[in-house]
**Q** 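Following this message is one structure expressed as structure tokens.
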Amino acid sequence: MSFDELFAPMKEPMILAAGISIIVGAIAVVAGLTYFKKWGWLYKNWLTTVDHKKIGVMYVFVALIMLFRGGIDALLMRAQTAIPENGLLNSEHYNEIFTTHGLIMILFMAMPFIIGLMNIVVPLQIGARDVAFPRLNALSFWLFAAGAGLLNVSFVIGGSPNAGWTAYFPLAGTEFNPGVGNNYYAWALQISGIGTLMTGINFITTIFKMRAPGMKLMKMPMFTWSALITNVIITFAFPVLTVALALMTLDRQFGTKFFAMQDGGMDMMWANLFWVWGHPEVYIVILPAFGIYSEIIATFARKNLYGYKSMVMSMVIISLLSFMVWAHHFYTMGHGVMVNGVFSTTTMLIAVPTGVKIFNWLLTMRHGKIQFTTPMLYALAFIPIFTIGGVTGVMLAMASADYQYHNTMFLVAHFHYVLIPGVVFGVLAGYHYWWPKIFGFRLNEKLGKSAFWFIILGFNIAFFPLFILGLDGYARRMYTYSADTGYGPLNMVSFLGALMMGVGFILLCYNIYYSFRHSPRETTGDPWDARSLEWATHSPVPEYNFAVVPKINQLDEYWFAKKEGRDITAGEYERIHMPNNSSAPMWMAGVMFLFAFFFVFSVWAGVIVFGLATLGFLAYRSFEKDDGHYIEVAEIVETESRLGGEQ
């Protein structure tokens, strides 16, 4: 590839401006760290950390950046379609934007937000001092970050993926896409997906093997249950994506014909492999949000969660059914009546356990003393809005009706009415709820509620008109349309709603700055008077989580201990074994980033060098002896005294 082809995207003024802003921002960060002499602090405390809490914070930090990156894509799409025959974006740029918007929002915003909250909360909820494999946990994060970086580099070097976030063949093949954009797609998802698979294995092991004494499975908090089930789905679903992306790479860069339309290939095999992973992926990001809502609703209704066992069973059933519905994504692609009928039935069935959860949340709030905090507002808004998404999902589940709805904006509206309340509202609720646990102060409630109303109202104004437009025949992925279609007014309304959401997210970020400067620091580790075990330790949480590992006798043990005046963390201090920090995960992910980058452009010398370097890291780790370190009793006493604890 020539120099001109390599930097061809920079000929687009908006991409050039984005590239310049990235360079200027990077220089500003480097200059700031140098001026304030923070390089050592950053390297020691964050870049080399294996502390699950700090890794969780880094996941959430990257997720917030990706939220704005994907949000800008969304605003550009809504701006482009706000008026007929708009020339803001050309067709190629529009294709790239809706492709990267989908990828970033699902895989590089929702996933890290969810995994970040899992990292912060799950070990605390089960009374563990860390995850089962701390070094692997750090590598998981850095591989995700490498994948996110690779995808974002594509916009300025070589060209972005442009075949949609589903990358259907033959559109994603070299015949229609000879550039490197979809090579970026394959490698960015491959690297981050390997990191996610590692996370799945790590958290399953952590939850099964590291629970506090007495915490049986049916005594675990609901968020931990949702994390366990989610990570089981990850370990079954992500290997399918890994194989599919490997076959995509072979087709695009080595001339094989797995997904070709000739020479024995089968383009529909990609659609099947993608959605065998892709539909469980929807529940990978939604089920943890269900767990978050369960924690928040029980806390702010001042009641125990109604129907605990049925909540657990409904998540198990959802996880099983999530692998049995993938073909509803292509009813219109030539399956027979029998196949469509089976998948129509399984798709409708999945609404039943989801409905069970909705009624359990409503019954939890019944006769409760509800506190309308910011996290609770997101939980309350979720129920009716997600129900609209669910009902329209049942409409789409009907194979015969889907022939009308398929490939229209009705489907886009349904998708967002499920994923935004089902994921974004959930992670924002969890982000507000657990913020004082992480940082030791609450986010400002007034600013939080202002952001909430902008986001909620903006969301409905942005996406409800798309139901009407879809029923009127407006196809998705159209970068422009004629004034004669009559689509203009509702598209303009949708654009105004998107702007309102943008204002809400700006307020969300301003709230962080304002609260950091002005919010009073917490004097207790339990500012919400909550129920589960993470609130039994200090805020912010010390490195070792619990000075004394608590013993559990019942569900919501911490809640009942408070009411009975018991301290479940009381006991004799003993020295605590903790893992050492390591820079290896960061450097290994950097090497894999370069390996993938050179592979994207088929620069085989670079591929060989960095491939061997990756194997070198693996070999070094195999022979490395690292016994960790101990936190001595004197240091524990000092930390507990400083944070307000008593022996």
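Just so it is clear, the model here is predicted, and its values are computed rather than measured. Because only heavy atoms are used, hydrogens play no part in the values below, and waters and symmetry mates are left out as well, while side chains stay in.
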**Q** What do you reckon, are the aromatic ring centroids of Y293 and Y378 less than 6.0 Å apart?
**A**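 No, the ring centres sit 6.0 Å or more apart.
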
**Q** Starting at OG of S192, measure out to CG of L151 and round the result to the nearest 0.5 Å.
**A**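 Nearest 0.5 Å value for the OG-CG distance: 8.5 Å.
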
**Q** Within the supplied structure, the quantity of interest is the number of heavy atoms (other residues, nucleotides, ligands) at a distance under 6.0 Å from W453 CH2; does it exceed 12?
**A**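 No.
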
**Q** Do V418 and I286 touch side chain to side chain, with heavy atoms closer than 4.5 Å?
**A**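 With C-beta onward as the side chain, the pair touches.
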
**Q** Would you please name every residue forming a side chain to side chain contact (heavy atoms under 4.5 Å, CB included) with P288, sequence neighbours left out?
**A**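 P288 satisfies side chain to side chain contact (heavy atoms under 4.5 Å, CB included) with I114, M118, F223, S226, T230 only.
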
**Q** Going through the checks in order, is the side chain to side chain contact (heavy atoms under 4.5 Å, CB included) test met by Q125 and E295?
**A** CA-CA 11 Å; Q125 284 198 333; E295 302 290 341; 3.6 Å; yes

**Q** May I ask you to decide if I512's main-chain N or O and S515's side chain share a donor-acceptor pair within less than 3.5 Å?
**A**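 Such a contact is absent between S515 side chain and I512 backbone.
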
**Q** Are there over 12 heavy-atom neighbours, none belonging to E574, within less than 6.0 Å of that residue's CD?
**A**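 No.
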
**Q** Out of the candidates Y283, F425, W225, F386, only one should pair with F290 under the ring-ring contact (aromatic ring centres under 6.0 Å, His included) rule; please name it.
**A**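 For F290, the ring-ring contact (aromatic ring centres under 6.0 Å, His included) test succeeds with only one of Y283, F425, W225, F386, which is F386.
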
**Q** Please report the shortest heavy-atom distance between F593 and G149, naming the atom on each side.
**A**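 Heavy atoms only, the tightest pair is CE1-C, 3.8 Å.
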
**Q** If I take atom CG from residue L428 and atom CG from residue L377, how far apart are they, to the nearest 0.5 angstrom?
**A**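 Nearest 0.5 Å value for the CG-CG distance: 12.5 Å.
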
**Q** What residues, two or more places apart in sequence or in another chain, satisfy salt bridge (Lys or Arg N to Asp or Glu O under 4.0 Å) together with R531?
**A**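 Applying salt bridge (Lys or Arg N to Asp or Glu O under 4.0 Å) to R531 gives D556.
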
**Q** Any chance you could measure E640, atom CD, to H538, atom NE2, to the nearest 0.5 Å?
**A**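 Rounded to the nearest 0.5 Å, the CD-NE2 separation comes to 3.5 Å.
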
**Q** Using a 6.0 Å cut-off, check whether atom NZ of K369 has over 12 heavy atoms from anything other than its own residue.
**A**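 Check fails, neighbour count at 12 or below.
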
**Q** Start with the C-alpha gap between E522 and R442, add the side-chain angles, then the distance that decides, and say whether salt bridge (charged side-chain N to carboxylate O under 4.0 Å, His left out) holds.
**A** CA-CA 8 Å; E522 297 294 340; R442 278 183 270 195; 2.9 Å; yes

**Q** Side-chain donor-acceptor pair under 3.5 Å between T569 and D567, yes or no?
**A**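 Yes - a donor-acceptor pair under 3.5 Å links their side chains.
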
**Q** Could you check whether T299 and Y433, counting side-chain N and O atoms only, form a donor-acceptor pair closer than 3.5 Å?
**A**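 Indeed, the side chains of Y433 and T299 share at least one donor-acceptor pair under 3.5 Å.
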
**Q** Can you check side chain to side chain contact (heavy atoms under 4.5 Å, CB included) on T49 and M58, steps first, answer last?
**A** CA-CA 10 Å; T49 187; M58 290 193 292; 3.8 Å; yes

**Q** Are side-chain heavy atoms of M222 and I292 found at a separation under 4.5 Å?
**A**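 Sidechains of I292 and M222: no contact.
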
**Q** Atom CG in L139, atom CZ in F617: separation rounded to 0.5 Å?
**A**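 Going from the CG atom of L139 to the CZ atom of F617 covers 10.0 Å.
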
**Q** With E624, which residues qualify under salt bridge (Lys or Arg N to Asp or Glu O under 4.0 Å), at least two apart?
**A**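 If we apply the salt bridge (Lys or Arg N to Asp or Glu O under 4.0 Å) test to E624, skipping adjacent residues, the hits are R135, R621.
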
**Q** Around atom OH of Y544, are there more than 12 heavy atoms of other residues, nucleotides or ligands at under 6.0 Å?
**A**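 For Y544, atom OH is crowded (more than 12 foreign heavy atoms under 6.0 Å).
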
**Q** Give me the atom names and distance for the closest heavy-atom approach of S519 to F441.
**A**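 In this case the closest contact between S519 and F441 is CB-CD1, 3.9 Å.
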
**Q** Would you say the side-chain atoms of S532 and E534 include a donor-acceptor pair closer than 3.5 Å?
**A**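 Distance-only check passes for S532 and E534.
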
**Q** Hey, mind stepping through V131 and F203 against side chain to side chain contact (heavy atoms under 4.5 Å, CB included) and telling me if it holds?
**A** CA-CA 7 Å; V131 295; F203 273 88; 4.1 Å; yes

**Q** For the rings on Y510 and F505, is their centre-to-centre separation under 6.0 Å?
**A**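 No - the distance between ring centres of Y510 and F505 does not fall below the 6.0 Å cut-off.
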
**Q** Give me the atom names and distance for the closest heavy-atom approach of W361 to F382.
**A**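 Residues W361 and F382, closest heavy atoms: CZ3-CE2, 3.3 Å.
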
**Q** For W587, does the CH2 atom have more than 12 heavy-atom neighbours from other residues, nucleotides or ligands under 6.0 Å away?
**A**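 No, the 6.0 Å shell around CH2 holds no more than 12 heavy atoms from other groups.
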
**Q** Considering residues at least two apart in sequence or located in another chain, which fulfil the side chain to side chain contact (heavy atoms under 4.5 Å, CB included) criterion with M111?
**A**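 Checked M111 against side chain to side chain contact (heavy atoms under 4.5 Å, CB included); matches are L107, I115, T196, F238, E281, I284, V285.
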
**Q** Could you pull out all residues at least two apart from S310 that satisfy side chain to side chain contact (heavy atoms under 4.5 Å, CB included)?
**A**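 Checked S310 against side chain to side chain contact (heavy atoms under 4.5 Å, CB included); matches are V356, N360.
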
**Q** Quick one: sort the Y514 and H518 rings into parallel, tilted or perpendicular, breaks at 30° and 60°.
**A**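 Y514 and H518: tilted rings.
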
**Q** Answer yes or no: is there a donor N or O on one side and an acceptor on the other, between the side chain of Y573 and the main chain of I636, under 3.5 Å?
**A**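 Flag not set: sc Y573 to bb I636 has no pair under 3.5 Å.
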
**Q** Does the R129 side chain pair with the main chain of A547, one donor and one acceptor, at a distance under 3.5 Å?
**A**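 Yes.
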
**Q** With salt bridge (charged side-chain N to carboxylate O under 4.0 Å, His left out) as the test, would you mind laying out the steps for D526 and K562 before giving the verdict?
**A** CA-CA 11 Å; D526 182 24; K562 284 192 297 184; 2.7 Å; yes

**Q** Would a distance-only check, ignoring hydrogens and angles, find a side-chain to backbone donor-acceptor pair under 3.5 Å from N45 to W41?
**A**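 Present.
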
**Q** Give the table of side-chain donor-acceptor pairs shorter than 3.5 Å for residues 60-69, with sequence neighbours excluded, one pair per line with atom names and distance.
**A**
{"unit_1": "R69", "atom_1": "NE", "unit_2": "N152", "atom_2": "OD1", "d": "2.8"}
{"unit_1": "R69", "atom_1": "NH1", "unit_2": "D73", "atom_2": "OD1", "d": "3.1"}
{"unit_1": "R69", "atom_1": "NH1", "unit_2": "D73", "atom_2": "OD2", "d": "2.7"}

**Q** Decide whether N545 and H52 meet the rule of one side-chain donor and one side-chain acceptor closer than 3.5 Å.
**A**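 Checked: N545/H52 side chains pair up, N/O donor to acceptor below 3.5 Å.
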
**Q** Counting heavy atoms not belonging to F454, are there more than 12 under 6.0 Å from its CZ?
**A**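 For F454, atom CZ is not crowded (no more than 12 foreign heavy atoms under 6.0 Å).
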
**Q** With distance as the sole criterion, is a donor-acceptor pair present between the side chains of N580 and H629 under 3.5 Å?
**A**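 Yes, side-chain donor-acceptor contact under 3.5 Å.
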
**Q** Tell me if a side-chain donor or acceptor on K437 pairs with a main-chain N or O of V541 at a distance below 3.5 Å.
**A**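 Not confirmed, K437 side chain does not pair with V541 backbone.
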
**Q** From L47 CG over to S583 OG, what is the distance, rounded to the nearest 0.5 angstrom?
**A**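 Rounded to the nearest 0.5 Å, the CG-OG separation comes to 10.0 Å.
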
**Q** Any idea which heavy atoms bring F323 and S319 closest together, and the distance?
**A**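 Of all heavy-atom pairs spanning F323 and S319, the closest is CD1-O, 3.3 Å.
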
**Q** Is it true that the side chains of N553 and K219 contain a donor and an acceptor less than 3.5 Å apart?
**A**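 K219 and N553 do not have a side-chain donor-acceptor pair below 3.5 Å.
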
**Q** Mind checking the CG-CH2 spacing from L124 to W434? Nearest 0.5 Å is all I need.
**A**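 It is 10.0 Å, given to the nearest 0.5 Å.
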
**Q** Any luck finding a side-chain donor-acceptor pair between H432 and E445 under 3.5 Å?
**A**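 Side-chain D/A pair, H432 to E445: absent.
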
**Q** Would you indicate whether the side-chain heavy atoms of L533 and I126 approach each other to under 4.5 Å?
**A**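 The answer is no, as the side chains (C-beta and beyond) never meet within the 4.5 Å cut-off.
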
**Q** Can K54 and E543 be said to form a salt bridge (charged side-chain N to carboxylate O under 4.0 Å, His left out), step by step?
**A** CA-CA 10 Å; K54 290 182 177 179; E543 177 189 358; over 6 Å; no

**Q** Is it true that a side-chain atom of H577 and a backbone atom of D627 form a donor plus acceptor pair closer than 3.5 Å?
**A**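 Yes.
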
**Q** Kindly indicate, with the supporting measurements, whether the criterion side chain to side chain contact (heavy atoms under 4.5 Å, CB included) is fulfilled by I568 and Y558.
**A** CA-CA 7 Å; I568 61 173; Y558 175 58; 4.1 Å; yes

**Q** Is atom CZ of F236 surrounded by more than 12 heavy atoms (other residues, nucleotides or ligands) closer than 6.0 Å?
**A**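 Counting neighbours around CZ of F236, 12 or fewer heavy atoms of other residues, nucleotides or ligands fall under 6.0 Å, so no.
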
**Q** Please examine the side chains of S539 and F439, heavy atoms only from C-beta on, and report whether any two atoms are closer than 4.5 Å.
**A**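 They are not in side-chain contact.
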
**Q** Do T374 and K449 have side-chain atoms, one donor and one acceptor, less than 3.5 Å apart?
**A**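 T374 vs K449: no donor-acceptor pair found between side chains.
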
**Q** Would you call W528 and T373 a side-chain contact if the rule is heavy atoms closer than 4.5 Å?
**A**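 Yes, their side chains come closer than 4.5 Å.
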
